[in-house]
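Just follow the structure's listing: the first ligand is 1, and inside any ligand the first atom is 1.
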Amino acid sequence: MSVRVRFAPSPTGYLHIGGARTALYSYLFARGHGGKYILRIEDTDLERSKREFEEVQIEDLNWLGITHDEGPDVGGDFGPYRQSERTQMYIDIAWQLVKEGKAYPCFLTSTELEELAAKAESEKIAPHTYHTKYRDLDPTEAKKKIDAGEEYVIRFKNPGKTWTFKDLVRGEVTFPVDMVGDWVIIRSNGMPVYNYCCVIDDWKMEMTHVMRAEEHLNNTCRQLMLYEALGAKVPEFAHVSLLVGEDRQKLSKRHGATSVKQYRDENYLPDAINNYLCLLGWSHPEEKDIFDVRALGETFSMNRFSKSPALYDIQKLNFFNSHYLRALTGNDLVTHIEKSIHASSPFHKQTAQWKTTCCELIKEKIQLASEANTFMPLFFEKTPSEADDQLKEALAWETTPAIREYLKSELSKATGEYLSVDTVNAWMDHIKKELKIKGKPLFMGTRAVLTGQCHGPDLQILVSLTPIELLRQRV
Ligand code: GLU
């Protein structure tokens with residue numbers, strides 16, 4: 001049977017970085033095993049689910065290159081791929097289960113339910129393990145109540161067993177017999193619940209593997225019962241470890257950006273995000289850190305998952321981003337960086353050649369494209385930053401006035417808009433050989449005079465990108 005793996009987000013918000021990791025793992029596993037990767041939208045929570053969130057989540061996934069073979073937007077043989085469009089099937093199957101004595105309509109009122117919960121508490125038995133008095137109600141009696149308009153839910157008849165399965169990440173997992181009672185599969189408003197729809201869909205859509213976050217582990221208990229009742233084959237499960245922040249708490253907004261959209265808006269590189277996410281709970285067999293996730297193929301195997309929570313560290317993600325940023329060259333580099341440069345910056349008016357040289361120059365100094373903005377004053381403003389003590393000191397060295405005088409005279413003779421790197425080199429040579437200024441006083445002194453800063457990117461290239469007019473104003 002060929003591999004089929006799905007990612008099943010709920011469109012109740014933006015795609016969470018943890019969701020992106022699950023999607024990536026599912027995609028990589030399917031791709032590495034010649035299988036199909038499917039996107040299913042779990043939108044049975046009608047109040048919280050929004051079509052625009054679905055759209056943005058798909059955009060985010062496409063941006064990351066996690067593209068699906070089947071899904072609501074591309075179709076497929078197992079559709080519809082939105083749960084809200086499958087409601088009737090869920091209801092029909094629920095009544096089939098009722099017919100087979102595996103589920104039942106339950107008419108307990110909320111007061112009765114509260115009483116049951118209180119009783120369970122006073123008897124110190126696990127809550128929700130009760131069977132309700134409607135479990136064995138005669139079907140004709142039940143029908144009468146329904147026809148009379150009584151409110152009801154449909155409960156699954158828990159067969160009361162211990163459930164065990166072999167998780168591909170966590171090994172053997174056993175759920176105690178009293179973990180759940182007869183649980184609701186169809187709510188009183190006629191809407192099916194997640195645990196129920198999920199199984200029906202994974203079964204009907206012929207999923208062979210289900211990868212999802214560890215927080216869904218306990219749901220597997222209810223789901224296993226249902227597979228058995230349906231006579232359906234249980235897929236292989238892989239519950240991947242939790243993502244946590246520095247405080248070891250589940251990753252949330254207070255740890256920083258957690259939605260893929262934020263990273264997309266901040267112009268991160270998708271390859272960097274994929275590479276970093278891939279390593280959060282999985283390790284490369286050759287212990288590599290930097291690799292092309294798309295080229296992993298069969299290397300992406302289930303036996304390299306870690307059970308322990310994975311620490312999500314934005315600094316580390318930024319490091320990955322800087323690596324992938326440096327790997328960009330030419331047009332690709334410019335197109336990427338210029339998206340982050342403020343719209344009003346004169347950068348946008350420069351020639352293609354200037355932009356390329358500029359981006360090549362600063363890419364070594366930044367982790368994120370947006371940081372390129374901090375370098376722009378060097379090219380376009382007389383005073384790129386406020387003078388700090390080091391600059392004041394460099395300008396006050398006894399060798400610096402000679403450098404300034406020399407540069408001033410050379411600049412007054414210079415023609416054209418920009419200097420060439422060769423010219424700047426020749427000037428530096430002159431300062432060294434004729435003015436006899438070497439080492440730090442030469443390099444930092446010249447930099448201080450020409451750029452108004454003591455440190456920065458390669459001086460010769462930087463100066464060759466600065467308008468001669470601006471250099472004249474600085475010396
Ligand atoms: N809709 C569920 C979620 O977003 C999916 C759980 C699953 O993959 O089974 O968490």
Side-chain angles (χ1 to χ4, degrees), residues 3-30 36-51 53-58 60-61 66 68 70-72 78 80-87 90 163 165 167-170 173 175 180 183 185 187 191-227 230 232-243 250-252 258-261 277 281 302 305:
V3 164
R4 289 178 59 79
V5 199
R6 89 303 194 270
F7 174 55
S10 301
T12 52
Y14 293 129
L15 180 65
H16 190 270
I17 202 82
R21 183 190 59 161
T22 308
L24 177 69
Y25 286 166
S26 305
Y27 168 90
L28 291 178
F29 186 75
K36 291 264 190 297
Y37 164 70
I38 295 106
L39 179 73
R40 181 173 75 224
I41 301 295
E42 302 209 324
D43 57 352
T44 51
D45 183 342
L46 296 178
E47 261 165 45
R48 293 175 57 226
S49 298
K50 299 249 177 334
R51 193 54 76 87
F53 286 134
E54 175 190 313
E55 280 159 15
V56 179
Q57 290 203 14
I58 292 179
D60 287 342
L61 290 165
I66 308 176
H68 43 276
E70 298 168 28
F78 297 82
Y81 292 90
R82 259 181 220 110
Q83 290 190 327
S84 60
E85 293 164 16
R86 300 167 70 83
T87 317
Y90 303 131
W163 300 90
F165 77 105
D167 189 84
L168 292 169
V169 178
R170 328 205 74 78
V173 178
F175 299 111
V180 285
W183 51 284
I185 56 175
R187 293 194 187 90
M191 285 309 286
V193 304
Y194 153 71
N195 273 310
Y196 173 69
C197 306
C198 175
V199 172
I200 304 287
D201 289 346
D202 285 341
W203 168 45
K204 293 279 181 192
M205 294 182 177
E206 298 181 10
M207 296 305 161
T208 56
H209 295 76
V210 168
M211 303 178 85
R212 59 186 174 203
E214 188 189 342
E215 59 205 354
H216 286 292
L217 186 63
N218 282 347
N219 287 326
T220 316
C221 175
R222 285 179 170 85
Q223 299 188 3
L224 288 173
M225 306 179 189
L226 207 49
Y227 278 106
L230 296 164
K233 189 172 182 313
V234 182
E236 300 272 5
F237 287 105
H239 288 90
V240 294
S241 56
L242 212 62
L243 290 189
K250 194 180 151 197
L251 191 65
S252 72
T258 51
S259 77
V260 174
K261 186 169 184 304
L277 287 184
M302 290 276 188
F305 281 111

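Shortest contact from atom 6 (C) of ligand 1 to any protein heavy atom: Y194 OH, 3.2 Å. Given atom 10 (O) of ligand 1, the protein heavy atom at minimum distance is H216 NE2, 2.8 Å.
Residue R6 places a heavy atom under 4.0 Å from ligand 1.
In summary, E70 and R40 do not engage in a salt bridge, as defined by a charged side-chain N under 4.0 Å from a carboxylate O. Taking 4.0 Å as the cut-off between side-chain N and carboxylate O, K50 and D43 do not count as a salt-bridged pair. Salt bridge annotation for R82-E54: present, with a cationic side-chain nitrogen under 4.0 angstrom from a carboxylate oxygen.
The shortest N or O to N or O distance between A8 and ligand 1 is below 3.5 Å.
Of all the heavy atoms of C198, the ones lying under 4.0 Å from any atom of ligand 1 belong exclusively to the side chain.
Heavy-atom proximity to E42, at under 4.0 Å, picks out these atoms of ligand 1: 1 (N), 2 (C), 5 (C).
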(request) Report the C-alpha distance between H209 and S26 in whole Å, list the side-chain angles of each, state the deciding distance to 0.1 Å, and finish with yes or no for side-chain hydrogen bond (donor to acceptor under 3.5 Å, both in side chains). (result) CA-CA 8 Å; H209 295 76; S26 305; over 6 Å; no
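In this structure, V5 and M207 have side chains that are not in contact, with every pair of non-hydrogen atoms separated by 4.5 Å or more.
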